[in-house]
Amino acid sequence: MRVVVRVGGSVVGSPLNASLIGRYVDLLKKLREQGHEVVAVVGGGSLAREFIRVAADLGLVEADRDWTAIHVSRLFARLFVLCLGEASCGNVSFTLGDAVDCLKQGNVVVMGGLRPGMTTDAVAALVGERVKADLLVKASNVDGIFTKDPKKFPDAEKLYELGFDDLERLFEEDRHKAGIHQILDPEAVRILRRTRLRTVVVNGFDAKNVLSAVKGERVGTVIE
Ligand code: UTP
């Protein structure tokens with residue numbers, strides 16, 4: 001199976017968590033050993049948001065705020081490449097073309113941000129579309145997709161299955177803002193709708209949930 005794993009910065013990097021990063025590195029290696037083709041897209045977490053805030057305070061324009069966050073996610077991605085060693089291509093993939101080349105070598109592709117105006121959710125959706133992935137797993141800091149933000153509303157209910165067309169209706173924010181925080185960003189939702197890429201959102205604090213999603217077990221929220 002060709003699978004994109006979107007590793008939440010809010011999961012492995014807010015604050016930086018060496019043992020969890022180690023578990024994700026092992027998981028990516030394991031998936032590769034099992035014969036899967038793997039792309040990992042790592043987010044920038046709270047550190048990226050701190051840079052966005054500082055960039056804003058310094059009067060930088062939106063695109064430059066985004067770039068600071070992109071570099072943070074690429075630093076996280078670099079850490080993954082270093083830990084993956086031989087299982088990686090030795091570099092972070094900065095473009096979709098780089099990702100395709102790395103995948104052809106049979107190694108784990110690692111990406112951070114791509115360009116301003118999106119989040120790594122959209123990067124994961126774009127690379128998934130480009131390599132014709134079978135599955136996208138988002139390892140997030142919640143148990144799946146809820147009717148409302150479960151951190152703000154205690155009566156939010158978890159949704160176990162969703163159609164691509166349900167997603168847009170669910171999310172009220174439809175424009176990109178630096179540091180936007182929504183379970184799947186609006187651009188990613190548009191791409192997923194277009195490509196019909198099966199997506200599973202799981203709680204990433206237990207890396208095993210990603211394995212379960214790849215095995216097709218019932219976990220998190222499935223969008224198809
Ligand atoms: P991330 O996708 O790095 O967030 O986007 P995150 O913290 O990992 O998300 P979760 O918590 O795991 O879900 C953070 C910000 O980085 C900029 C945007 O400003 C985005 O809001 N960014 C990221 C880009 O502009 N382009 C990219 O390709 C990626």
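One-based numbering, in listed order, for ligands and for the atoms of each.
- Closest of all the heavy-atom pairs between Ala63 and Pro116 is O-CG, 3.9 Å.
- Here is the list of ligand 1 atoms found below 4.0 Å of a heavy atom in Ala69: 15 (C), 16 (O), 17 (C).
- Of all atoms in ligand 1, numbered sequentially from 1 with element shown, those under 4.0 Å from a heavy atom of Arg115 are 24 (C), 25 (O), 26 (N), 27 (C), 28 (O).
- Considering Val100, Val41, Val109 as possible partners of Val127, the one that fulfils the side chain to side chain contact (heavy atoms under 4.5 Å, CB included) test is Val41.
- In Arg65, neither the side chain nor the backbone holds a heavy atom less than 4.0 Å from any atom of ligand 1.
- Results of the side chain to side chain contact (heavy atoms under 4.5 Å, CB included) test with Val4 over Thr199, Leu136, Leu135 single out Leu136 as the only residue that passes.
- Residue Val123 places no N or O, backbone or side chain, under 3.5 Å from any N or O of ligand 1.
- Residue Lys138 touches ligand 1 through its side chain alone, judged by heavy-atom distances below 4.0 Å.
- For Asp98 and Thr95, the side-chain atoms include at least one donor-acceptor pair closer than 3.5 Å.
- With respect to the salt-bridge test (charged N to carboxylate O, under 4.0 angstrom), the residues Glu62 and Arg65 qualify.
- Under the 4.5 Å side-chain criterion, counting only non-hydrogen atoms from C-beta, Phe80 is not in contact with Val108.
- Note on Ile70 and Leu75: separate hydrophobic clusters, where clusters join Ile, Leu, Val, Met, Phe, Trp and Tyr whose side-chain heavy atoms are under 4.5 Å apart, directly or indirectly.
- For ligand 1, the atoms lying closer than 4.0 Å to a non-hydrogen atom of Gly117 are 25 (O).
- Residue pairs meeting the disulfide (SG to SG under 2.5 Å) criterion with at least one member in residues 192-224: none, sequence neighbours excluded.
- Considering every non-hydrogen atom in both Val131 and Arg2, the closest pair reads O-NH1, 2.7 Å.
- The shortest distance between side-chain heavy atoms of Arg23 and Val12 does not fall below 4.5 Å.
- For a threshold of 3.5 Å applied to N or O pairs, the pair formed by Asp121 and ligand 1 contains no separation below that value.
- Here is the list of ligand 1 atoms found below 4.0 Å of a heavy atom in Pro116: 25 (O).
- The proximity of Val72 to ligand 1, defined as any non-hydrogen pair under 4.0 Å, does not occur for either the backbone or the side chain.
- At least one N or O atom of Gly9, backbone or side chain, sits closer than 3.5 Å to an N or O atom of ligand 1.
- Within ligand 1, the atoms closer than 4.0 Å to a non-hydrogen atom of Gly8 are 12 (O), numbered from 1 in the order shown.
- For Arg6, the closest heavy-atom approach to ligand 1 falls below 4.0 Å.
- Checked against a 3.5 angstrom limit, the closest N/O atoms of Thr120 and ligand 1 fall inside it.
- Looking only at side-chain heavy atoms (C-beta outward), Val3 and Asp134 stay at 4.5 Å or farther from each other.
- Close N/O approach between Met118 and ligand 1 is found [any backbone or side-chain N/O within under 3.5 Å].
- Residue Gly113 places no N or O, backbone or side chain, under 3.5 Å from any N or O of ligand 1.
- For a threshold of 3.5 Å applied to N or O pairs, the pair formed by Gly44 and ligand 1 contains at least one separation below that value.
- Proximity of Gly45 to ligand 1 is established by a heavy-atom distance of less than 4.0 Å.
- Using a 4.0 Å cut-off to heavy atoms of Ile52, the atoms of ligand 1 that qualify are 15 (C), 19 (O).
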